[in-house]
Amino acid sequence: MTSILNFNHNFIGRVIISVKRRKVRVLHPHKSYSYIVADQLSWLLKLKRPHLNCFISKFAYYSIKMSCTDPKKVCIVGSGNWGSAIAKIVGNNAAQLNNFDDRVTMYVYEEIINGKKLTDIINDHHENVKYLPGHKLPPNVVAVPDVVDAAKEADILIFVVPHQFIRTLCSTLLGKIKPTAIALSLIKGFDRAEGGGIDLISHIITRNLKIPCSVLMGANLAGEVADEKFCETTIGCKDSKLGPILRDIIQSHYFRVVVVDDEDTVEVCGALKNIVACGAGFVDGLGLGDNTKAAVIRLGLMEMVKFVDVFYPGGKLSTFFESCGIADLITTCYGGRNRKVSEAFVKTGKSIKQLEDEMLNGQKLQGPFTAEEVNFIFPLFTAIHKICTGQLLATDFIDCIRNHPEHM
Ligand SMILES: NC(=O)C1=CN([C@@H]2O[C@H](COP(=O)(O)OP(=O)(O)OC[C@H]3O[C@@H](n4cnc5c(N)ncnc54)[C@H](O)[C@@H]3O)[C@@H](O)[C@H]2O)C=CC1
Ligand SMILES: O=C(CO)COP(=O)(O)O
């Protein structure tokens with residue numbers, strides 16, 4: 001049963017009581033709202049008189065007022081291909097859901113396109129004409145060229161830049177954001193740790209900005225998400241209170257979220273599958289068939305599992321069966337940019353950098369960088385790195401697969 005009660009003095013909003021769910025919801029005139037556990041106001045529920053204009057005691061009034069929280073402000077740090085596709089979902093959700101502020105800021109690395117600033121184009125025409133042409137962004141998504149201006153008031157920071165820019169952004173943001181903010185990283189990649197080895201991007205964000213950072217990874221080719229074609233994704237979040245908040249701002253009827261607590265494994269999957277996708281591209285470039293590509297995908301998956309075992313012990317095998325694992329591996333090995341450029345690399349003999357510039361119109365590849373960062377121990381990843389950097393011929397790739405320890 002849901003009852004609506006209007007306060008008849010000191011009006012602060014409407015109270016919706018859901019007896020079934022034992023929750024009291026306060027709708028503030030300024031969109032602030034709060035869920036109050038029914039136990040706290042159980043006397044109110046005991047009235048059981050729907051549509052009653054009731055007298056609220058001072059105590060109840062203040063307890064409701066105090067628990068009214070401001071709607072959460074969201075900032076998207078990044079505006080590339082994926083950043084813009086996710087801005088479409090987040091902008092729509094923020095406009096519809098009471099617990100989020102309508103206005104979503106989006107940090108845009110400023111560029112001049114045909115004599116106009118990209119931020120002006122986005123704010124005037126609601127389209128990122130460079131990185132996601134042909135898709136309208138909701139008008140409540142506001143492009144901001146200064147990352148501090150975009151992020152300083154945000155309660156939720158969604159990081160979605162190519163991983164090579166994260167350290168600079170963190171140092172710019174240090175001390176300039178709300179200490180209570182939380183972060184969600186959509187960035188697939190690693191960075192080099194200062195003392196050697198690799199660093200997870202979410203760990204860099206947490207360490208540098210001193211805020212918790214969860215991750216979102218999945219089989220999510222940006223163009224298909226922007227076209228509203230159905231897909232799944234995985235949020236890795238250890239804090240059971242934050243997971244639902246992050247899911248609410250990101251989930252839509254065509255973008256379904258599963259939250260798991262195995263944060264590090266989710267992130268490692270998102271980074272490593274980009275290396276395997278380069279291998280899949282070599283197979284395509286060499287004209288080898290789907291069976292060979294499947295072998296590369298399988299061996300890549302084995303190395304991903306091993307990588308987690310060695311460097312992030314305690315990770316769950318079940319996480320590899322979420323969207324962030326096998327599903328993202330498959331979609332990227334068939335439809336991603338890493339695959340596409342790697343195929344062209346074999347066919348044209350041009351360098352990866354040259355092809356990235358020629359083929360991606362400013363978008364960035366993550367696979368070759370990541371292969372360089374993990375260029376040790378793992379034979380498939382190492383072979384892919386060596387081919388990307390010209391230390392090995394693409395035609396030698398099959399020998400690497402043939403001699404992989406999995407076949408010994
Ligand atoms: N595009 C996709 O389909 C998906 C991408 N991802 C991941 O999301 C992350 C971001 O990817 P995209 O949004 O596709 O980016 P993108 O590949 O479109 O990269 C271009 C972005 O980099 C920005 N940029 C260029 N120079 C910069 C600088 N010096 N400082 C800051 N920003 C600069 C550009 O302004 C632009 O926003 C990556 O880690 C990627 O792996 C994840 C899922 C899907
Ligand atoms: O991560 C992706 C899909 O989930 C996109 O992969 P690419 O960067 O290879 O396009």
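Hydrogens, waters and symmetry mates play no part in the numbers below; they use all other heavy atoms, side chains included. It should be emphasised that the depicted structure is a prediction, and the values quoted were computed from it without experimental measurement.
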Atom pair CG (Leu272) and NZ (Lys188), whose distance is rounded to the nearest 0.5 Å: 12.0 Å
Check ion pair Asp399-Arg402 (N to O, under 4.0 angstrom): yes
Salt-bridge present (Glu194, Arg167; N to O < 4.0 Å): yes
Student check: side-chain heavy atoms of Glu322 and Val260 closer than 4.5 Å: yes
Check against salt bridge (Lys or Arg N to Asp or Glu O under 4.0 Å), Glu111 and Lys130: CA-CA 9 Å; Glu111 292 178 55; Lys130 176 153 184 193; 2.6 Å; yes
Nearest heavy-atom neighbours spanning Gly315 and Val308: CA-CG1, 4.0 Å
Cys269 side, atom SG; Met304 side, atom CE - distance, nearest 0.5 Å: 4.0 Å
Qualifying residue, where the test is side-chain hydrogen bond (donor to acceptor under 3.5 Å, both in side chains) with Thr319 and the options are Asp262, Asp264, Thr234: Asp262
Residue pairs, two or more places apart or on separate chains, that pass side chain to side chain donor-acceptor pair (under 3.5 Å) and touch residues 270-297: Lys273-Thr332, Asn274-Asn338, Asp284-Lys293, Asp284-Arg339
Parallel, tilted or perpendicular: rings of Tyr312 and His203 (30°, 60°): perpendicular
Pair Glu303, His404: side-chain N/O donor-acceptor within cut-off below 3.5 Å: yes
Salt-bridge contact Arg192-Glu373 (side-chain N to carboxylate O under 4.0 Å): no
Partner residues of Glu224 under the side chain to side chain contact (heavy atoms under 4.5 Å, CB included) criterion, sequence neighbours left out: Leu221, Lys229
Side chain to side chain, Val147 and Val77, heavy atoms closer than 4.5 Å: yes
Residues Leu286, Thr395; criterion side-chain contact (heavy atoms from CB on, under 4.5 Å); working and verdict: CA-CA 7 Å; Leu286 292 164; Thr395 42; 4.0 Å; yes
Evaluation steps, side-chain contact (heavy atoms from CB on, under 4.5 Å), between Ile112 and Leu118: CA-CA 6 Å; Ile112 304 297; Leu118 182 56; over 6 Å; no
Parallel, tilted or perpendicular: ring planes of Phe307 versus Phe378, cut at 30 and 60 degrees: tilted
Member of Asp155, Asp102, Asp101 meeting the salt bridge (charged side-chain N to carboxylate O under 4.0 Å, His left out) criterion with Lys73: Asp101
Salt-bridge contact Glu358-Lys350 (side-chain N to carboxylate O under 4.0 Å): yes
Pairwise distance CD1(Ile76) to CG(Leu184) - rounded to 0.5 angstrom: 10.5 Å
Test side-chain contact (heavy atoms from CB on, under 4.5 Å) applied to Ile384 and Phe397, step by step: CA-CA 8 Å; Ile384 291 168; Phe397 191 46; 3.8 Å; yes
Residue pair Glu267 / Ser185, side-chain donor-acceptor N/O under 3.5 Å: no
Results of salt bridge (charged side-chain N to carboxylate O under 4.0 Å, His left out) for Glu153 - residues two or more places apart only: none
Result of checking Ile177, Thr206, Ile182, Leu173 against Ile211 for side chain to side chain contact (heavy atoms under 4.5 Å, CB included): Ile177
Pairing of Glu356 and Lys353 as salt bridge, 4.0 angstrom limit: yes
Exercise: identify the closest heavy-atom pair between Thr370 and Ala271: CG2-O, 3.7 Å
No-hydrogen, no-angle side-chain donor-acceptor test under 3.5 Å, His163 and Gln366: yes
Worked check of side-chain contact (heavy atoms from CB on, under 4.5 Å) between Arg337 and Lys364: CA-CA 9 Å; Arg337 300 167 295 186; Lys364 304 284 180 211; over 6 Å; no
Distance, nearest 0.5 Å, that separates CG of Leu186 from OG of Ser202: 12.0 Å
Donor-acceptor contact present, side-chain Thr119 to main-chain Ala143, <3.5 Å: no
Interatomic distance, Ile352 atom CD1 to Asp357 atom CG [nearest 0.5 angstrom]: 11.5 Å
